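Below is one structure, written out as structure tokens; the observations come after it.
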There are 2 protein chains.
Amino acid sequence: MSAPGSFVEISALAGDPARALMLHALMDGRALTAGELARVAGITPQTASGHLARLATAGLVTVERQGRHRYHRLAAPSVARMLEAMMQVASELAPPRPVPTGPRDAAMRTARTCYDHLAGRLGVAITDALVSRQFVELAEDAGSVTPGGVAFLADLGIDTVPLSTARTRRVLCRPCLDWSERRPHLAGTLGAAVCARALSAGWVRRIEGSRALSVTRPGEGVFRDAFGIVL
Amino acid sequence: MSAPGSFVEISALAGDPARALMLHALMDGRALTAGELARVAGITPQTASGHLARLATAGLVTVERQGRHRYHRLAAPSVARMLEAMMQVASELAPPRPVPTGPRDAAMRTARTCYDHLAGRLGVAITDALVSRQFVELAEDAGSVTPGGVAFLADLGIDTVPLSTARTRRVLCRPCLDWSERRPHLAGTLGAAVCARALSAGWVRRIEGSRALSVTRPGEGVFRDAFGIVL
DNA sequence: CCGATGTTACGGTTGCCGCCGAAACGTCGC
DNA sequence: GCGACGTTTCGGCGGCAACCGTAACATCGG
């Protein structure tokens with residue numbers, strides 16, 4: 001079969017609460033140190049280091065050393081996709097969600113990163129705008145960009161040409177279920193390009209120590225004028 | 001966050017060798033009894049029953065009783081997608097595969113089901129044929145059907161109209177990495193429709209007690225004439 | 001060269017969980 | 001109704017692994 005050994009190994013690794021929290025934290029696509037991940041998981045640095053060594057041995061995360069720091073990140077986009085799929089099932093299976101939204105969660109629900117693309121109300125709103133104007137088409141588990149969408153995105157500085165093999169119809173996006181909005185937002189190559197552009201152009205800024213994003217004043221203007229979004 | 005409790009619960013459930021084998025067996029989309037799954041996993045029926053009860057409580061599988069049998073199946077397509085994503089990561093992380101192909105595997109490698117769509121050499125060949133004729137376009141994580149593809153598939157009795165919201169461009173397919181061929185095959189709604197048509201039209205037949213499929217004489221003709229495939 | 005910080009290695013304790021044997025329950029065929 | 005079969009429940013055994021002290025290593029700043 002398809003490496004059942006690796007399958008159970010991966011599942012068992014993700015099945016530990018501490019490791020799950022660390023993988024969760026790494027979902028924003030950035031590289032974190034063992035100490036930061038230990039705080040996130042609520043365990044001592046030694047224990048976190050051991051967990052990360054196992055994750056690295058299994059190939060789920062890669063380690064990159066800079067001076068006395070060792071930065072850990074998810075090893076591949078496929079790992080992030082796997083975690084997304086697991087989170088989607090998890091959200092489907094947890095119907096009772098009377099958890100009140102803490103003040104800390106407010107920023108997360110407004111805008112955040114999901115591995116390499118945008119999520120939260122902003123991510124969903126952008127996706128809705130692109131879909132309603134027929135710039136992007138989404139099905140339950142696939143998506144594509146229309147020629148009009150290519151032009152629209154190019155105006156915003158998001159070039160889709162190098163992302164595909166230069167055809168009129170482009171398949172480089174993918175829906176990703178948003179756990180706070182319970183609706184799909186834009187993922188895949190295009191989602192990553194939009195997120196990268198939003199960060200480099202200063203439309204959004206990372207909030208320190210969190211996956212949450214804050215929308216800047218210029219960003220507000222762009223989202224309002226180009227997408228018709230007022231959060 | 002997005003129900004971290006459910007996340008670790010799911011991972012831990014999939015992280016047991018016996019349960020992983022059972023989930024693996026359920027990937028063909030059919031419903032199996034506790035006894036059958038016990039044999040697959042190499043454990044006693046009591047143990048299997050306990051495992052299945054936990055999987056059902058968590059919501060990963062659903063139970064359906066008929067007489068003195070209790071049939072278990074995957075609870076939702078999203079669960080199958082999750083398992084697929086995990087298998088994909090597992091296959092990427094298992095580079096050494098010197099395992100010789102046993103005679104039992106031969107049929108599996110030729111053609112088999114992957115949850116609700118076709119896999120193996122047949123599944124990949126069909127996908128290649130659709131892509132090379134520009135009936136379907138696939139990217140790394142998304143796909144779409146061209147207008148010409150809609151017509152071609154309609155000739156084969158595969159109606160794509162009710163599958164989408166009646167537009168010229170259709171996004172209802174998705175690539176799924178094939179563990180034996182190491183190349184993508186057609187999944188998603190369209191993959192399921194093709195598989196269903198192949199089974200109902202008698203182009204392929206299920207091999208008892210396995211996910212493997214045998215290609216019938218009529219099927220050979222259809223695949224050769226319509227797709228140019230000779231296995 | 002010397003503290004401070006971050007990371008790795010080692011032992012020991014604790015708890016959880018998978019497994020099976022035995023037995024009870026429900027359903028089907030006669 | 002009566003055995004036969006599939007399935008579930010209960011009790012107890014065994015093993016694995018997560019966790020934290022403590023301590024030894026690297027690396028950076030002064």
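What you see is a predicted model; the values in this text were computed from it and never measured.
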Would you check if the side chain of B:T127 reaches a backbone N or O of B:L186 as a donor-acceptor pair within less than 3.5 Å? yes

Within the structure shown, what part of the strands sits under 4.0 Å from A:A18 by heavy-atom distance: base, sugar-phosphate, or nothing? sugar-phosphate

Donor-acceptor contact present, side-chain A:H117 to main-chain A:C114, <3.5 Å: yes

Could you give the NE2-to-C1' distance, from B:H51 to D:dT8, as a whole number of Å? 14 Å

How many whole angstroms separate atom CG of A:L37 from atom P of D:dC19? 14 Å

Write down the distance between CD (B:Q66) and P (D:dG6), rounded to a whole number of angstrom. 16 Å

Establish, with yes or no, whether the OP1 or OP2 oxygen of D:dT7 is under 4.0 angstrom from a side-chain nitrogen or oxygen of B:T33. yes

Looking at A:R19 and A:L13, would you say the former's side chain and the latter's main chain have a donor-acceptor pair under 3.5 Å? yes

In whole Å, what is the span from the CZ atom of A:R19 to the P atom of D:dA18? 5 Å

Nearest to the side chain of B:Q46, which nucleotide is it out of D:dT7, D:dT9, D:dG21? D:dT9

Tell me: CZ of B:R65 to P of D:dC5, nearest whole Å? 20 Å

Residues B:T33 and B:E36: side-chain donor-acceptor under 3.5 angstrom: yes

Contact interval (first through last nucleotide) of DNA chain C with protein chain B, 4.0 Å heavy-atom: C:dG18 to C:dC28

Decide, yes or no, whether a salt bridge links B:R112 with B:D178 under the criterion of side-chain N to carboxylate O below 4.0 Å. yes

So, the side chain of A:T113 versus the backbone of A:D116: is there a donor-acceptor pair under 3.5 Å, distance only? no

One would report the end-axis bend of the helix from C:dC1-D:dG30 to C:dG29-D:dC2, five pairs per end and rounded to 10 degrees, as 30°

Please check: side-chain N/O of B:R211 versus main-chain N/O of B:M27, any donor-acceptor pairing under 3.5 Å? no

State whether the side chain of A:S11 and the backbone N or O of B:S11 hold a donor-acceptor pair below 3.5 Å, judged by distance alone. no

Presence of salt bridge, A:R174 and A:E84, under 4.0 angstrom: yes

Any base atoms under 4.0 Å from A:T44, or only sugar-phosphate, or nothing? Heavy atoms, all strands. sugar-phosphate

